[in-house]
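Below: one structure, written as structure tokens.
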Amino acid sequence: PFAPLSYSWTVSGNPADYDFITASTIDYPQIRFKTFRCYDITVTVNGTCNPANSKTIQLCFKQSPQITNSTLSQIICSNGTTTAIDINSDMMGATYSWQAVYSGVTPASPPSGSGSPIPAQTFAVTGNAAGSINYTLQAAYNGCSGPSKQYVVTVTPAVSAKIEYETPLCNTVVSKP
């Protein structure tokens, strides 16, 4: 069977953009790419038959956007209105989508949407305990989606004061000491 005598791997572009972790003269070298862009990678195989044979592939690395919101929660009172939720990322031109899971609040919609901001909305709790809206935020750019982040809105029930008394108050004269 055919057995190559040597290998030679080359990468297009600035050598500062990549490193060969292993030798570029082995059959399957490891290469670390440092810059998001397309690279032409060529392998030349030499054998006992001339001429050498070369093949080139192109690998393209695209950056995924990261959600950069520093605040990922808010608390409102029942029948209160949220602040619109601006979604931000580290890449200009990213697009945004979100999904919501509603628990113990009304209205329980919409289930999902796209764009930023998520509009302000009024929510009420459906019982005596706090409710929540858990948003899963996603950013995408140039066909790549970044990791999702969670944003939680907590809706607290209204506090009610209740005074109970059993003895009726009658006309009484209160004297000063």
* Spell out, as yes or no, whether a donor-acceptor pair under 3.5 Å connects the side chain of S89 to the backbone of A94. => no
* Asked: More than 12 heavy atoms of other residues, nucleotides or ligands under 6.0 Å from CD of Q150: is that the case?
  -> yes
* To do: Find the distance between CE (M91) and CD1 (I67) and round it off to the nearest 0.5 Å.
  => 12.0 Å
* To do: Could you tell me which non-hydrogen atom of T154 sits nearest to which non-hydrogen atom of A130, and how far apart they are?
  => CG2-CB, 4.3 Å
* Asked: With distance as the sole test, does Y7 use its side chain to make a donor-acceptor pair with the main-chain N or O of S24 at under 3.5 Å?
  -> no
* To do: Report whether V101 and V125 are members of the same hydrophobic cluster (ILVMFWY, side-chain heavy atoms less than 4.5 Å apart, transitive linking).
  => no
* To do: Looking only at non-hydrogen atoms, find the nearest pair between D90 and P65 and report the distance.
  => OD1-CA, 3.5 Å
* To do: On the 0 to 90° scale, with breaks at 30° and 60°, tag the F123-Y102 ring pair as parallel, tilted or perpendicular.
  => tilted
* Asked: Just by distance, do the side chain of D19 and the backbone of I21 share a donor-acceptor pair under 3.5 Å?
  -> no
* What heavy-atom pair brings S73 and T71 nearest, and what distance separates the two atoms? -> O-CG2, 3.3 Å
* Asked: Hey, mind stepping through D17 and F33 against side-chain contact (heavy atoms from CB on, under 4.5 Å) and telling me if it holds?
  -> CA-CA 6 Å; D17 291 349; F33 297 96; over 6 Å; no
* S8 and T44: CA distance, side-chain angles, deciding distance, side chain to side chain donor-acceptor pair (under 3.5 Å) verdict -> CA-CA 5 Å; S8 176; T44 302; 5.3 Å; no
* Asked: Do I41 and T10 come close enough that some side-chain heavy atom pair is under 4.5 Å?
  -> no
* Would V11 and I31 satisfy side-chain contact (heavy atoms from CB on, under 4.5 Å), going step by step from the backbone distance to the final call? -> CA-CA 9 Å; V11 178; I31 306 168; 4.1 Å; yes
* Please indicate whether N128 has more than 12 foreign heavy atoms, meaning atoms of other residues, nucleotides or ligands, lying under 6.0 Å from its CG. => no
* Enter the distance from N69:CG to L137:CG here, rounded to the nearest 0.5 Å. => 6.5 Å
* Measure from the side-chain N and O atoms of S12 to the backbone N and O of D40, and report whether any donor-acceptor pair falls under 3.5 Å. => yes
* Asked: Q138 and S148: which non-hydrogen atoms are nearest, and at how many Å?
  -> OE1-CB, 3.6 Å
* **Side-chain donor/acceptor of S132 to backbone N/O of N134, under 3.5 Å** => no
* Short side-chain to backbone donor-acceptor contact, Y135 and V153, under 3.5 Å -> no
* To do: With side-chain contact (heavy atoms from CB on, under 4.5 Å) as the test, would you mind laying out the steps for W9 and T25 before giving the verdict?
  => CA-CA 6 Å; W9 291 84; T25 56; over 6 Å; no
* Asked: Can I118 be reached from I75 by stepping across I, L, V, M, F, W or Y side chains whose heavy atoms are under 4.5 Å apart?
  -> no
* With distance as the sole test, does T42 use its side chain to make a donor-acceptor pair with the main-chain N or O of T56 at under 3.5 Å? -> no
* Asked: Judged by modelled atom types alone, do T68 and N88 share a side-chain donor-acceptor pair under 3.5 Å?
  -> no
* Can you list the steps and then say if I87 with W98 is a side-chain contact (heavy atoms from CB on, under 4.5 Å)? -> CA-CA 10 Å; I87 308 171; W98 52 270; 4.3 Å; yes
* **Other residues, nucleotides, ligands: >12 heavy atoms within 6.0 Å of Y39 OH** => yes
* Quick one: closest heavy-atom pair of A120 and T81, and the distance? => CB-CG2, 3.9 Å
* **Nearest-0.5 Å distance that lies between atom OG in S114 and atom CD in Q99** => 11.5 Å
* V43, Y28: one ILVMFWY side-chain cluster at the under-4.5 Å cut-off? -> no
* Asked: With F36, which residues qualify under ring-ring contact (aromatic ring centres under 6.0 Å, His included), at least two apart?
  -> none
* Counting N and O atoms only, with roles assigned by atom type, does the side chain of T82 sit under 3.5 Å from a partner on the main chain of Q121, one being a donor and the other an acceptor? -> yes
* Specify the closest pair of heavy atoms between I85 and Y151, including all atoms of both residues, with the distance to one decimal. => CD1-CE2, 3.5 Å
